[in-house]
Undergrad: 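Please see the structure below; I have some questions.
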Amino acid sequence: PPADAPGLPAIRAALVQPDTDSNRKFPERNLASLSLMKLTMSLRAGEHDVVVWPETATAFVLREQEARLREIREVVGAQGAALISGISDRRAAAGAEARRADRGEERSRADEIKGGKFRKVNAVGLVRPDGAPLETYEKLHLVPFGEYVPPFLGFLEDMAMNVGSGSYGPGTEVRTFDLPLREGGTARIAAVICLESNYPALVGRFVDQGARALVVVANDEWYEGTTEPAQHAAIAKLRAVEHRIPVLRCSHAGVSSIVD
């Protein structure tokens with residue numbers, strides 16, 4: 001927002017869009033992150049409070065890769081900025097899934113991908129330049145068949161794995177981030193992932209927790225050549241109008257924008 005906006009501190013942000021091939025991102029696990037770090041290093045240092053990377057910017061579980069996390073901290077630390085990035089993460093599985101693993105029962109291919117006692121989550125992470133622990137928000141609204149198979153169609157899960165469906169677990173709570181600002185103080189911000197920006201009620205839950213700005217991380221490359229990227233970006237403007245907050249939208253490909 002402008003510096004003179006009442007009650008809203010100025011947030012200086014850089015959105016980094018790599019435009020790498022999403023079909024290569026996971027087989028070539030360093031491709032996107034190296035591109036993002038190179039682009040981030042090209043920014044003018046000392047001019048931003050936050051650098052934003054898109055959805056699943058890292059094709060590995062960042063918190064389990066200490067060397068990679070250290071490299072990323074060094075890159076954004078040189079900018080004097082925090083990083084908000086889409087990441088892959090894992091958390092302990094619950095219920096029947098964990099019990100099967102404890103009993104050593106035979107697991108399906110889908111269970112193998114889920115990790116047995118752990119479940120993949122699509123998340124957003126806040127990396128602070130001061131080395132504070134990684135903070136995360138886990139996506140609540142997953143994309144059917146893209147990120148999970150609905151439970152009543154569970155018998156199709158292994159089949160869905162063969163055609164590129166993810167096997168993610170949903171998050172459990174709304175979380176906001178207190179972003180440190182270069183000029184002092186903090187700004188409470190929310191971060192949602194891709195499809196979640198379509199839901200005004202969900203964004204409203206973040207605003208109710210005090211969020212004064214919204215970050216949207218996305219990957220619209222899957223819809224290249226269609227009207228979806230432009231439509232999805234336009235929806236973000238509605239969230240800004242509804243809640244009277246600025247929106248910072250960073251996509252892997254397609255449309256990245258700042259709505260103030």
Side-chain angles (χ1 to χ4, degrees), residues 1-20 32 35-57 75-76 79-87 124-129 137 139 176-183 185-200 202-204 206-207 209-221 223 227-260:
D4 58 354
L8 288 173
I11 301 172
R12 296 172 175 83
L15 312 183
V16 183
Q17 179 170 310
D19 280 317
T20 50
S35 176
L36 285 161
M37 286 195 288
K38 183 177 180 180
L39 290 168
T40 301
M41 291 168 67
S42 72
L43 298 172
R44 294 181 63 177
E47 293 192 357
H48 305 98
D49 298 299
V50 62
V51 175
V52 183
W53 290 358
E55 181 181 11
T56 54
V75 168
V76 296
Q79 296 292 326
L83 172 69
I84 291 177
S85 176
I87 62 172
V124 176
L126 172 64
V127 180
R128 297 175 179 269
Y137 158 72
K139 188 176 184 181
T176 57
F177 301 125
D178 289 325
L179 178 71
L181 303 176
R182 293 183 57 81
E183 295 185 358
T186 60
R188 178 158 294 182
I189 62 173
V192 296
I193 302 171
C194 203
L195 176 73
E196 293 185 316
S197 65
N198 293 3
Y199 297 101
L202 174 62
V203 175
F206 288 95
V207 174
Q209 287 198 6
R212 305 304 299 275
L214 175 68
V215 171
V216 180
V217 298
N219 182 6
D220 290 326
E221 187 191 13
Y223 302 96
T227 60
E228 189 277 345
Q231 291 175 343
H232 197 191
I235 288 171
K237 297 178 183 179
L238 297 177
R239 304 293 86 84
V241 172
E242 290 163 350
H243 300 290
R244 297 295 189 267
I245 57 174
V247 175
L248 294 75
R249 184 181 192 277
C250 184
S251 181
H252 183 85
V255 181
S256 294
S257 59
I258 296 177
V259 183
D260 62 3

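Note that the numbering runs from 1 along the sequence shown for the chain.
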Undergrad: Looking at every non-hydrogen atom in both residues, tell me the closest pair between Lys139 and Ile193 and how far apart they are.
TA: CE-O, 3.5 Å

Undergrad: For a quick test of reading the model, state the closest non-hydrogen atom pair linking Ala191 to Val124 and the distance between them.
TA: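 Nearest pair, atom of Ala191 first, then Val124: CB-CG1, 3.7 Å.
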
Undergrad: Tell me whether Gln79 contacts the main-chain N or O of Thr40 through its side chain, where contact means a donor paired with an acceptor under 3.5 Å.
TA: yes

Undergrad: Look only at the side chain of Asp260 and the backbone of Pro246, and say whether a donor-acceptor pair between them is shorter than 3.5 Å.
TA: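 Side chain of Asp260 to backbone of Pro246, a donor-acceptor pair under 3.5 Å: no, none is there.
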
Undergrad: Once side chain to side chain donor-acceptor pair (under 3.5 Å) is applied, do any residues pair with Ser85, and if so which ones, sequence neighbours excluded?
TA: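 With neighbours one apart ignored, the set is empty.
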
Undergrad: Output, in order, the C-alpha distance, side-chain angles, deciding distance and verdict of side chain to side chain contact (heavy atoms under 4.5 Å, CB included) for Leu179 and Thr186.
TA: CA-CA 5 Å; Leu179 178 71; Thr186 60; 5.9 Å; no

Undergrad: Got a sec, which residues hit ring pair (Phe, Tyr, Trp, His ring centres under 6.0 Å) with Tyr137, two or more places apart in sequence or on another chain?
TA: Phe206

Undergrad: Heavy atoms only: give me the nearest Ala211-Ile245 pair and the separation to one decimal.
TA: O-CG2, 4.2 Å

Undergrad: Heavy atoms only: give me the nearest His243-Gly204 pair and the separation to one decimal.
TA: CE1-CA, 3.5 Å

Undergrad: Kindly say whether Ala187 contributes a backbone atom to a donor-acceptor pair with the side chain of Arg212 at under 3.5 angstrom?
TA: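 Checked: no pair found.
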
Undergrad: Taking all non-hydrogen atoms of both residues, which atom of Asp220 and which atom of Ser251 are closest, and how far apart?
TA: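 Residues Asp220 and Ser251, closest heavy atoms: N-OG, 3.4 Å.
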
Undergrad: Quick one: are Ile11 and Ile189 in side-chain contact, heavy atoms under 4.5 Å?
TA: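 Counting from C-beta outward, Ile11 and Ile189 do come under 4.5 Å.
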
Undergrad: With no hydrogens and no angle check, is any side-chain donor or acceptor of His232 less than 3.5 Å from a backbone partner on Cys194?
TA: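 Checking the backbone N and O of Cys194 against the side chain of His232, a donor-acceptor pair under 3.5 Å is found.
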
Undergrad: When you measure from the side chain of Arg182 to the backbone N and O of Gly46, does any donor-acceptor pair fall under 3.5 Å?
TA: yes

Undergrad: List the steps and the verdict of side chain to side chain contact (heavy atoms under 4.5 Å, CB included) for Leu214 and Arg239.
TA: CA-CA 9 Å; Leu214 175 68; Arg239 304 293 86 84; 4.2 Å; yes

Undergrad: Side chain of Glu221, backbone of Ala253: donor and acceptor closer than 3.5 Å?
TA: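 No, Glu221 side chain to Ala253 backbone: no donor-acceptor pair under 3.5 Å.
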
Undergrad: Under the rule for salt bridge (charged side-chain N to carboxylate O under 4.0 Å, His left out), what residues qualify as partners of Asp178, not counting sequence neighbours?
TA: Arg188

Undergrad: Could you walk me through whether Leu248 and Ile84 pass side chain to side chain contact (heavy atoms under 4.5 Å, CB included), step by step?
TA: CA-CA 11 Å; Leu248 294 75; Ile84 291 177; over 6 Å; no

Undergrad: Does the side chain to side chain contact (heavy atoms under 4.5 Å, CB included) test come out yes or no for Val192 and Tyr199, once each step is laid out?
TA: CA-CA 10 Å; Val192 296; Tyr199 297 101; over 6 Å; no

Undergrad: Mind listing the closest non-hydrogen atom pair of Asp49 and Ala10 along with its distance?
TA: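 In this case the closest contact between Asp49 and Ala10 is OD2-O, 3.8 Å.
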
